[in-house]
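Worksheet for the structure shown next.
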Amino acid sequence: MEKNPEFDDIRPFYDDEVIPVIKKLLADPQFKEVIYRVFSPEDWIKFEAVMLNIKSKKDFQHGVIKVGLDEVIGKTIDSMVCTGFENVSKKEAYTYISNHRDIVLDAALLAIMLDNEGYETMEIAIGDNLLLYPWIENVVRLNKSFIVKRGINVRQMMEVSTHLSKYIHFAVRDKNESVWIAQREGRAKDSNDKTQESVLKMLSIGGEHNFIENIEELNITPVSLSYEYDPCDYLKAKEFQQKRDNPEFKKSKADDMLNMQTGIFGYKGNVHFQIGKPINPSVKSLELNQSKNELIGKIASLIDREIYLNYRFYPGNYIAYDYLWGNGKFSNHYSMKNKDTFDTYINQQLEKIKLENKDVPYLREKMLEMYAYPVKNHLAVTEQ
């Protein structure tokens, strides 16, 4: 069973809806303006021809998304590797839960790497706060995304969470479609990755069995992603100071758009994804005579542990750790040249921050934390 009208408000488009949506996109002046910024007017004619030839979501992913991302990868990434395919089968559906660094690329790059290895791409959870214009919603739903409703009042929260959870169960169980969801709402801006227990509560409530069976049905598989450089690090540091100085501070639509653009088009160096081991065998061995909250905490720890174990570290991670907490602990993992390169990078990123009362020591510390926390968390699970 692939169709269920219950989820029409949040699901990706069906293949038989693709052609009308493509026509709507091509007629959208805002969409055309964005494409013009990326391509020349002559290229628009070629782009339009490609779009009019698309008949399915897979066509769209291969003909548009993959082509665009391959260009981004070529210009902003030195190497991109995904390991751990031996942990997943091409016949099974999974709920991939990963740490979250980049608004757009975390899931998009994982999808490309799955596709390159002959796996089906997964459906992607995306917050409606990022659907700043109608064309963005159309593009992401063509790209197999389903919508997570944010900014709802407390009264609606249970209903919306249950609806989302039911859809995820429907996708994995009935459609045999893998899904991707971040381990927490929003990015961990200091890179101190921790699975939000509310995410696990949400995932469990849409099943038809008890809590543990509902979690098992989703076949949760942690994914660790590691970027050598995070192009949004200075924007995240800036937001830390803005929130420190004004607890009421909220990002604007323009801030969200800047974060998306910077993440996509900024330099990332080397990138590594590791697909971890599905957690079901560990979930099966949990003692069931615990409270639901205790079980949720244990499952969150299982996911975190798998993510922490599978990070890939670069010289900057070790340097940042030593600056903050290490006192030279990892000095054999980097050279003076590495240190100079990383120092220059951090200083250049700090220069980009425009704030009236710019607190450089605070901002530097926040940026160092972004590169150091993965090492700290990895040590926490390997030195136990």
Side-chain angles (χ1 to χ4, degrees), residues 72-83 98-106 109-110 113 183 187-194 223-241 259 262-274 304 307-353 358-383:
V72 166
I73 290 163
K75 288 177 179 171
T76 71
I77 292 175
D78 293 337
S79 74
M80 189 170 83
V81 177
C82 185
T83 51
S98 80
N99 55 321
H100 194 16
R101 294 283 179 272
D102 187 86
I103 294 170
V104 175
L105 289 182
D106 292 350
L109 295 180
L110 178 61
M113 290 186 278
Q183 67 179 162
R187 295 165 294 167
K189 295 189 178 68
D190 58 2
S191 300
N192 186 11
D193 301 316
K194 291 199 186 304
V223 176
S224 300
L225 46 95
S226 309
Y227 297 88
E228 183 176 14
Y229 296 104
D230 178 351
C232 291
D233 49 19
Y234 76 98
L235 294 171
K236 293 173 182 177
K238 180 182 179 183
E239 192 183 333
F240 269 118
Q241 186 181 329
N259 271 269
T262 305
I264 294 169
F265 298 111
Y267 177 64
K268 290 161 276 286
N270 297 298
V271 173
H272 183 265
F273 280 55
Q274 164 82 30
D304 291 346
I307 288 173
Y308 298 165
L309 285 173
N310 291 318
Y311 288 131
R312 178 64 54 93
F313 297 124
Y314 306 100
N317 299 112
Y318 293 120
I319 295 163
Y321 181 90
D322 276 357
Y323 275 145
L324 290 174
W325 310 300
N327 200 19
K329 180 182 175 80
F330 289 110
S331 55
N332 60 332
H333 284 73
Y334 53 85
S335 63
M336 283 308 294
K337 188 181 177 189
N338 293 146
K339 210 167 176 221
D340 289 342
T341 301
F342 185 67
D343 289 344
T344 302
Y345 170 79
I346 292 290
N347 289 332
Q348 284 172 344
Q349 293 298 87
L350 285 167
E351 280 294 314
K352 295 177 185 176
I353 299 173
K358 187 171 168 182
D359 184 345
V360 174
Y362 175 81
L363 293 165
R364 183 185 298 279
E365 183 182 357
K366 287 293 157 196
M367 283 189 57
L368 290 175
E369 283 177 0
M370 293 172 208
Y371 292 94
Y373 258 120
V375 178
K376 188 175 189 180
N377 287 329
H378 180 79
L379 289 175
V381 296
T382 53
E383 293 186 345

Who are the side-chain hydrogen bond (donor to acceptor under 3.5 Å, both in side chains) partners of Tyr234, not counting sequence neighbours? none

Kindly state whether the ring of Tyr314 and the ring of Tyr371 have centres lying under 6.0 angstrom apart. no

Would the Tyr334 and Tyr318 ring centres measure less than 6.0 Å apart? no

Where is the tightest heavy-atom contact between Gln183 and Lys194, given as atom of each residue plus distance? OE1-N, 3.6 Å

Run the side chain to side chain contact (heavy atoms under 4.5 Å, CB included) test on Leu368 and Phe342 for me, step by step, so that the C-alpha distance in whole Å, both residues' side-chain angles and the decisive distance to 0.1 Å come before the verdict. CA-CA 10 Å; Leu368 290 175; Phe342 185 67; 3.8 Å; yes

Heavy-atom check, side chain of Leu363 versus side chain of Ile353, under 4.5 Å: yes

Shortest non-hydrogen separation from Tyr267 to Thr76 and the atoms involved: CD1-O, 3.5 Å

Determine whether a donor-acceptor pair (N or O, by modelled atom type, separation under 3.5 Å) exists between the side chain of Gln274 and the backbone of Cys82. no

Taking the six-membered ring for Trp, is the centroid-to-centroid distance between Trp325 and Phe330 below 6.0 Å? no

Would a distance-only check, ignoring hydrogens and angles, find a side-chain to backbone donor-acceptor pair under 3.5 Å from Lys329 to Tyr321? no

So which atom in Ser98 and which in Ile307 form the shortest heavy-atom distance, rounded to 0.1 Å? C-CD1, 4.2 Å

Minimum side-chain heavy-atom gap Asn377-Asn192 below 4.5 Å: yes

Does the pair Met370 and Lys189 meet the rule for a side chain to side chain contact (heavy atoms under 4.5 Å, CB included), with working shown? CA-CA 7 Å; Met370 293 172 208; Lys189 295 189 178 68; 5.7 Å; no

Residue pair Cys232 / Gly263: nearest heavy atoms and the distance that separates them: SG-N, 3.5 Å

Sort out for me which residue in Asp106, Asp233, Asn270 forms a side-chain hydrogen bond (donor to acceptor under 3.5 Å, both in side chains) with Tyr227. Asp106

Does Leu109 reach the side chain of Ile73, with side-chain heavy atoms less than 4.5 Å apart? yes

Short N-O contact, Lys236 and Asp230, less than 4.0 angstrom: yes

Any side-chain heavy atom of Arg101 sitting closer than 4.5 Å to one from Ser191? yes

Are Thr83 and Phe273 side-chain neighbours, meaning at least one heavy-atom pair lies under 4.5 Å? no

I need the minimum non-hydrogen distance between Gly266 and Pro231, along with the two atoms involved. CA-CB, 3.6 Å

Would you call Met367 and Gln349 a side-chain contact if the rule is heavy atoms closer than 4.5 Å? yes

Check: Phe313 ring centre within less than 6.0 Å of His378 ring centre: yes

Would Asp304 and Asp193 count as a side chain to side chain contact (heavy atoms under 4.5 Å, CB included) here? Give the steps. CA-CA 7 Å; Asp304 291 346; Asp193 301 316; over 6 Å; no

Could you check whether any side-chain heavy atom of Tyr345 comes within less than 4.5 Å of a side-chain heavy atom of Glu228, counting everything from C-beta outward? no

Looking just at side-chain N and O atoms, do Asn259 and Arg187 make a donor-acceptor pair shorter than 3.5 Å? yes

Where the side chain of Asn99 meets the backbone of Leu225, is there a donor-acceptor pair that is under 3.5 Å apart? yes

Does atom CG (Asp340) have a neighbourhood of more than 12 heavy atoms from anything else shown, all under 6.0 Å? yes

When you measure from the side chain of Lys358 to the backbone of Leu350, do you find a donor-acceptor pair of N or O atoms at a distance under 3.5 Å? yes

Side chains of Lys376 and Tyr308, heavy atoms from C-beta outward: is any pair under 4.5 Å? no

For residues 362-373, which residue pairs pass the salt bridge (Lys or Arg N to Asp or Glu O under 4.0 Å) check, not counting sequence neighbours? Lys366-Glu369

